[in-house]
Each structure stands twice: as structure tokens, then as C-alpha cells.
Number of protein chains: 2
Amino acid sequence: MFKIGELADLCNISADTLRFYEKNGLFQASKRSGAGYRLYTQADKNRLEFILTSKSVGFSLKEIADLLSINLDKSNRTCGDAKQLVDDKLAQVKEKLAELERLESSLQSLSDACCGGSESALHCTILEALATPKKPH
Amino acid sequence: MFKIGELADLCNISADTLRFYEKNGLFQASKRSGAGYRLYTQADKNRLEFILTSKSVGFSLKEIADLLSINLDKSNRTCGDAKQLVDDKLAQVKEKLAELERLESSLQSLSDACCGGSESALHCTILEALATPKKPH
DNA sequence: ATTGACCTTAGATCTTAGTCTAGGGTTTAT
DNA sequence: ATAAACCCTAGACTAAGATCTAAGGTCAAT
Ligand SMILES: [Zn+2]
Ligand SMILES: [Zn+2]
Ligand SMILES: [Zn+2]
Ligand SMILES: [Zn+2]
């Protein structure tokens, strides 16, 4: 059994984060000691690793709760259920990517057009471009 | 002169947002009416358009404040000053892009490996992969 | 003269994922 | 037996960019 600080160290997160996950219903210690200390089992640690791996591929805590509920009830849930969550997330990520690519290209154009020199910015193409209203897309 | 609602409509934002920008030092009405109503000039509108265009290429409000201060004092600032802000932002955007591309590829692998069918999720490769601790990169 | 649309302020609330503090109890080692 | 290191709770605070609410004042038209 691990105390909260031990588990936190093992998983490279803080004890505060573990308490936060608990408060948000993601993750509870299996037991408490006589003094009220949280005591985590290996199974608890596995569940936490599931959470952290999910986080590392971009899922929010709310989405991770959904993944966990599928994982907890595997035999009554389908591959389709799991894949749906992944595909929804993938779609979100692609959307953000597209937006960031748009920003990247706008910024690159701004940067390319400006000499970046040390003369005054009176005719700076960046400032001129930013002062020009853009039609909404 | 525009009242706050008029300017907001013209620029497709809310009056609340204009008050919020004011509170954050980005943007103030040139005048107030006898009753205390904000009154905006065409120059105010130009400044707002600068803000909104900057926002649309990804600058935060804090960064926009920097851009505005360069724009307001053009003759004492340099192209290099302006370009620096753009290049810093570009670097940030590229960083986020790289992270999102990493997420995209992880999610795509998860999705590709799962049949997505309607049988039980007992052997779902997605759930298996998420249960496998990842070494930190 | 009263309705409705508009404006004012200060302050609360939202989202996300925590971090930090205060005030106190427990365990371990010296 | 006492200090260090750990744990507990509840609740406040952070960033960012708004949005919403309450309570009230103003303006145009009927
Ligand atoms: Zn130049
Ligand atoms: Zn320039
Ligand atoms: Zn399957
Ligand atoms: Zn599957």
C-alpha cells in the first residue's frame, strides 16, 4: 500500500493533484489508515496510470472519466464505444491544428514582410497589417 | 461618435467585451456623454480594429497591449521591436503545433488499432494501450 | 407618462487543471 | 521528547477571456 506522497512520487505528480482527482471523482484510494491517511493499492496505481496515459494523449479529465467508466465495465461496453471517444478527440485535435496552422501562416507572412531592422517603425508592415480590419471568415 | 452597443455591433463583439478591454487597459472611449455613456470616435474604432486583428492572428490581450504601445509610439520604436513580438508568437504557435501533432499521431494510432465494432470491449486495444504506463519523453 | 431599449457600476461566475494556505494531526528518527 | 517530514480538511487563488447579474439611470417613441 502506498501513501499519497509515495504514489505521487512514483507517478511524477503532486499529492495535491491526487486529492484534486479524487475530489473530481476520477480516482479514490481503496482504504484509509486509522489516522485517515489515504492508502493506495497496486490496482489503484494501475487506474492512476490509465488516467495519466489518457491525459498524455490529450484527453480532458471529464473525457477520462468516460474512458474509465468504459474500462470499468468492459464486458458491457463495446469497442465502438471506446473508439468513438478517441475519434471525437481526434476530430477536436484536428480542428485545433487547422486553427493553429492558420495562425502560423498569418504570423509567418507578417514576419516575412517586415525587415526587422533598427530604423523607426513608422512604416512597419506589421503595424500596417494589424491596423487593417480583416473581414471575418 | 458611437455608443458602446453601436461600436460592438459594428465590430461583432459584445458591449461587455468592450468594457472588459477597457478595464484591462487596452482601449478607452475618447469621451463620455453627460449621462456617463461611453462615446467612441473613428480613431477609437481603428484602435479596436487593430486589437481584433491582432487577436485573430493569435496574440493574447497582454501581447496586444505591447503591440499597441509600439503602434502608439511608432517613431521611437523599431521594426525589430515589432518583428520580435511576431516571431515570439510564431515560436509559441509552432510549439503548440508540434504538441498537437504528437497528440494527433497518438490518437490516430489508437483509433487505427481498434476495430470499433459492437462486440464487448474486453480486449479493446484502446483500453489496453491506455492501461499501459508510458515512459515520460 | 410609461414602455422598452439602452446605458452605468461593482462584483460574481464560468472553464480547466490544478496550486497554495491555514490550522491542525501523525509518524519516524534521534 | 521533540523535531522533521508527512498527512488531513476546507477553502482561496491562479491564468485568460470573457459573460452574467443586480440594481439602477437614460433616452426615444407612443
Ligand atoms: Zn522595417
Ligand atoms: Zn517592420
Ligand atoms: Zn474490437
Ligand atoms: Zn477496441
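Below, all heavy atoms of this structure are taken into account, side chains as well, without hydrogens, waters or symmetry copies. Chain letters run A, B, ... following the sequence lines, proteins first and then strands; every chain starts at 1.
Partners of B/Asp9 under the side-chain hydrogen bond (donor to acceptor under 3.5 Å, both in side chains) rule, at least two apart in sequence or in another chain, do not exist in this structure. Not counting sequence neighbours, A/Glu95 has no partner by the side-chain hydrogen bond (donor to acceptor under 3.5 Å, both in side chains) test. Taking the side-chain contact (heavy atoms from CB on, under 4.5 Å) definition, one finds that A/Gln92 meets it with A/Glu63, A/Lys89, sequence neighbours left out. Applying the side-chain hydrogen bond (donor to acceptor under 3.5 Å, both in side chains) test to B/Lys62 and every residue at least two apart in sequence or in another chain returns nothing. In this structure B/Ser33 satisfies the side-chain hydrogen bond (donor to acceptor under 3.5 Å, both in side chains) test with no other residue, sequence neighbours excluded.
If one axis is set at each end of the helix from C/dA1-D/dT30 to C/dT30-D/dA1 from five pairs, those axes are 30° apart, to 10°.
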> How does protein contact run along nucleotides 15-28 of chain C, one letter per nucleotide 5' to 3', with B for base contact, S for sugar-phosphate only, - for none, heavy atoms under 4.0 Å?
Replying inline: -SBBSB----BBS-

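Within the hydrophobic cluster formed by Ile, Leu, Val, Met, Phe, Trp and Tyr side chains joined at under 4.5 Å, directly or through other members, A/Met1 is accompanied by A/Leu39.
Applying the ring-ring contact (aromatic ring centres under 6.0 Å, His included) definition to pairs two or more places apart or across chains, those involving residues 40-77 of chain B are B/Phe27-B/Tyr40. Listed by first and then second residue, the salt bridge (charged side-chain N to carboxylate O under 4.0 Å, His left out) pairs involving residues 77-86 of chain B are B/Arg77-B/Asp81 (not counting sequence neighbours). The list of salt bridge (charged side-chain N to carboxylate O under 4.0 Å, His left out) pairs with a residue in residues 34-44 of chain A, not counting sequence neighbours, reads A/Glu22-A/Arg38.
The line from CG of B/Leu72 to CG of B/Leu67 is 12.0 Å long, rounded to the nearest 0.5 Å.
When the P atom of C/dT8 is taken as reference, atom CD of B/Gln28 falls 13 Å away, rounded to whole Å.
Think of the region where chain A sits on DNA chain D: with heavy atoms and a 4.0 Å cut, that region ends 5' and 3' at D/dC6 to D/dT9.
Within the structure, every side-chain polar atom (N or O) of B/Arg38 is placed at least 4.0 Å from both OP1 and OP2 of C/dC7.
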